[in-house]
Amino acid sequence: MAHNNTVLAQMLQLIPRHVFEHQVESLGWQAPRARKLSYWSQLVAMIYAQLSGKKSLRDLVFSLGRHQHKLYHLGLTPVRRSTLADANEQRPARIFARTYVKLLNRLEAELRRHPGAPRVKILDATYVPVCDSLFPWAAFMPGKSAVKLHFLLDADDGTPQDLQITSGQVHELEVARTLSFAPGDLLLLDRGYVDFAWLFSLNQQGVGFVTRLPKHVRYQVVQENPRPAEAAVLADQSVRLTTAHSRGRYPDTLRLVQYRDPETGKTFVFLTNRPDLPALAVADLYRQRWQIETFFRWIKQNLKIKAFYGTSENGVRTQIWTALIAYLLLLWLKLRSRLGWSVLELSRLVHNLIMERCNLLAVLCPR
């Protein structure tokens with residue numbers, strides 16, 4: 001009978017251990033108790049926690065202890081709860097952030113996506129409420145705390161291109177202004193990102209955007225553009241902002257598309273700087289923005305980012321980055337499978353088979 005590694009060991013092949021350890025060594029990261037628990041062991045233990053749905057570090061350590069004879073092939077040494085808790089609190093979370101970026105680049109290479117190629121991206125943020133007394137660094141409002149996750153999501157393949165983790169009181173625009181985009185990129189934004197000075201800077205960089213028009217914005221119609229025959233498009237206009245404040249921040253012409261959803265009868269007014277897009281394409285693009293709402297719901301329901309294993313800011317960051325690494329590993333399995341597995345189905349499969357010895361690709365791609 002052919003020997004098979006555990007399902008987890010096969011998934012970790014996408015993260016070569018020597019590459020990870022070289023990254024740690026080259027950046028000169030050192031931490032207490034590194035000899036007792038290597039950086040690799042910390043990474044593997046946290047990925048295992050995510051994919052197996054462990055509720056706490058105590059639950060995680062107990063579960064790994066039940067599979068002690070399989071740990072060697074994972075490069076994982078026996079884990080103690082206190083040692084892992086210290087590692088999560090003290091070792092820089094950017095180790096795992098950089099590991100995520102390297103993993104994303106490798107996945108995109110398999111997707112044959114050029115890292116700098118223009119693409120449609122969705123920018124949005126979500127809150128994870130936490131206890132005010134235990135997470136004082138995550139201040140949100142009086143008596144409440146929350147961790148805020150600012151995501152930049154690729155609309156084509158659903159991969160998070162960027163993540164910024166802040167306290168709940170940091171506004172989305174503060175993070176958005178720090179991001180860089182490639183000329184030709186197209187951003188899908190909700191109304192919370194409508195800051196005309198920032199949008200104008202995007203326009204000058206050759207970055208497109210589609211958003212909804214805030215109700216308070218005043219504008220003047222410069223030109224009525226030809227409308228398609230479809231009754232769903234109520235108006236397609238070139239407009240200029242009229243108030244002195246708005247006009248000073250965005251002096252160029254914008255495009256306004258008014259659209260009525262045939263299914264719900266609701267009317268939406270979209271604002272974009274892309275005159276080349278068909279009017280219906282503008283509405284269809286904005287509809288793609290709901291992908292990020294689905295993504296938020298999925299990660300909160302299927303990854304461990306709503307209940308944290310520790311209360312320190314670094315520990316929370318480490319847990320979130322390792323959760324996203326686990327998510328990319330599931331996307332990698334989806335890419336390799338031939339049966340049209342969904343990410344949810346793959347997460348359930350891995351949850352049940354994670355420490356089983358079987359040929360994972362044979363399960364995903366039966367002949």
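Basis for what follows: all heavy atoms, side chains included, without hydrogens, waters or symmetry-related copies. Sequential numbering from 1 along the given sequence is applied to the chain's residues.
A salt bridge links Asp195 with Arg177: the closest approach of a Lys/Arg side-chain nitrogen to an acidic carboxylate oxygen falls below 4.0 angstrom. Between Arg297 and Glu293 there is no salt bridge, since no side-chain N of the basic residue sits under 4.0 Å from a carboxylate O of the acidic one.
Atom CZ of Arg17 has more than 12 heavy atoms from other residues, nucleotides or ligands within 6.0 Å. In Trp137, the CH2 atom is crowded: over 12 heavy atoms of neighbouring residues, nucleotides or ligands sit closer than 6.0 Å. For Lys70, the NZ atom counts as densely surrounded, since its 6.0 Å shell holds more than 12 non-hydrogen atoms of other residues, nucleotides or ligands. A 6.0 Å sphere centred on CZ of Arg58 holds no more than 12 heavy atoms belonging to other residues, nucleotides or ligands. No more than 12 heavy-atom neighbours from other residues, nucleotides or ligands sit within 6.0 angstrom of NZ on Lys55.
The shortest side-chain heavy-atom distance between Phe295 and Pro160 falls under the 4.5 Å cut-off. The shortest distance between side-chain heavy atoms of Asn203 and Tyr250 falls below 4.5 Å. When side chains are defined from C-beta on, Leu84 counts as touching Leu60, because their heavy atoms get closer than 4.5 Å. Using a 4.5 Å heavy-atom threshold, the side chains of Leu285 and Arg274 count as separate. Proximity of Thr6 to His73: side-chain heavy atoms (C-beta onward) are nowhere separated by under 4.5 Å. Side chains of Leu202 and Leu199 form a contact here, defined as non-hydrogen atoms less than 4.5 Å apart. Contact annotation: the side chain of Phe20 never approaches that of Leu12 to less than 4.5 Å [non-hydrogen atoms, C-beta and beyond]. At a threshold of 4.5 Å between non-hydrogen side-chain atoms, the residues Arg218 and Ser246 do not count as touching.
Ring pair Phe151/Phe296 is tilted by interplanar angle, where 30° to 60° counts as tilted.
The nearest pair of heavy atoms linking Gln319 to Lys304 is NE2-O, 2.7 Å. Closest heavy-atom contact between Arg91 and Thr318: O-OG1, 4.2 Å. For the pair Leu241 and Arg247, the tightest heavy-atom approach, listed with the atom from each and the gap, is O-CD, 3.0 Å. Counting all heavy atoms, side chain and backbone alike, Trp332 lies closest to Leu14 at CG-CD2, 3.4 Å. Between Lys148 and Ser167 the shortest heavy-atom distance is CB-O, 3.6 Å. A pairwise comparison of heavy atoms in Gln10 and Asn5 identifies NE2-O, 2.9 Å as the closest pair.
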CA sep, side-chain torsions, deciding dist, call: Tyr48, Val79, side-chain contact (heavy atoms from CB on, under 4.5 Å):
CA-CA 12 Å; Tyr48 173 81; Val79 179; over 6 Å; no
Could you check Leu8 against Val44 for side-chain contact (heavy atoms from CB on, under 4.5 Å), going step by step and ending with a plain yes or no?
CA-CA 9 Å; Leu8 179 58; Val44 175; 4.2 Å; yes
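In the model, Thr166 has a side-chain atom that pairs as donor or acceptor with a side-chain atom of His150 under 3.5 Å. Side-chain contact annotation: Thr159 with Asp157, donor-acceptor N/O pair under 3.5 Å present. A donor-acceptor pair shorter than 3.5 Å can be found between the side chains of Glu108 and Gln161. For the residue pair Thr99/Gln23, the side-chain donor-acceptor check at 3.5 Å is satisfied. A donor atom on one side chain and an acceptor atom on the other are found under 3.5 Å apart for Gln42 and Asn88. In summary, the side chains of Thr77 and Ser41 do present a donor paired with an acceptor at a separation below 3.5 Å, with no hydrogens or angles considered.
When the side chains of ILVMFWY residues are joined at heavy-atom separations under 4.5 Å, either directly or via intervening members, Leu344 and Tyr327 end up in a single hydrophobic cluster. Tracing side-chain contacts under 4.5 Å through hydrophobic residues (I, L, V, M, F, W, Y), one never reaches Phe62 starting from Leu37; they form parts of separate clusters. Clustering ILVMFWY residues whenever any of their side-chain heavy atoms sit less than 4.5 angstrom apart, transitively, puts Phe196 in the very cluster that holds Tyr219. Following chains of ILVMFWY side-chain contacts shorter than 4.5 Å, one cannot reach Phe140 starting from Val170, and the two form parts of different hydrophobic clusters. When the side chains of ILVMFWY residues are joined at heavy-atom separations under 4.5 Å, either directly or via intervening members, Leu179 and Leu188 end up in two distinct hydrophobic clusters.
Distance check, rounded to the nearest 0.5 Å: CG of Leu187 to NZ of Lys121 gives 7.5 Å. Between the CD atom of Glu172 and the CG atom of Asp190 there is a distance of 7.0 Å, given to the nearest 0.5 Å. The distance from atom CG of Leu329 to atom CD of Gln13, rounded to the nearest 0.5 Å, is 11.0 Å. Rounding to the nearest 0.5 angstrom, the gap separating the CG atom in Asp86 from the CZ atom in Arg80 is 10.0 Å.
With hydrogens and angles ignored, the 3.5 Å screen pairs a side-chain donor or acceptor of Asp185 with a backbone N or O of Ala182. Under the 3.5 Å distance criterion, the side-chain polar atoms of Trp341 are left unmatched by any main-chain donor or acceptor of Arg336. When atom types are taken as modelled, the side chain of Arg191 and the backbone of Thr211 share no donor-acceptor pair closer than 3.5 angstrom. At least one donor-acceptor pair closer than 3.5 Å links the side chain of Arg317 to the backbone N or O of Ile165.
A salt bridge (charged side-chain N to carboxylate O under 4.0 Å, His left out) check over residues 254-268, counting only residues at least two apart or in different chains, returns the pairs Asp236-Arg255.
Aromatic pair Phe181/Phe209: ring centres not closer than 6.0 Å. Ring centroids of Tyr286 and Phe268 are separated by 6.0 Å or more, keeping the two rings apart.
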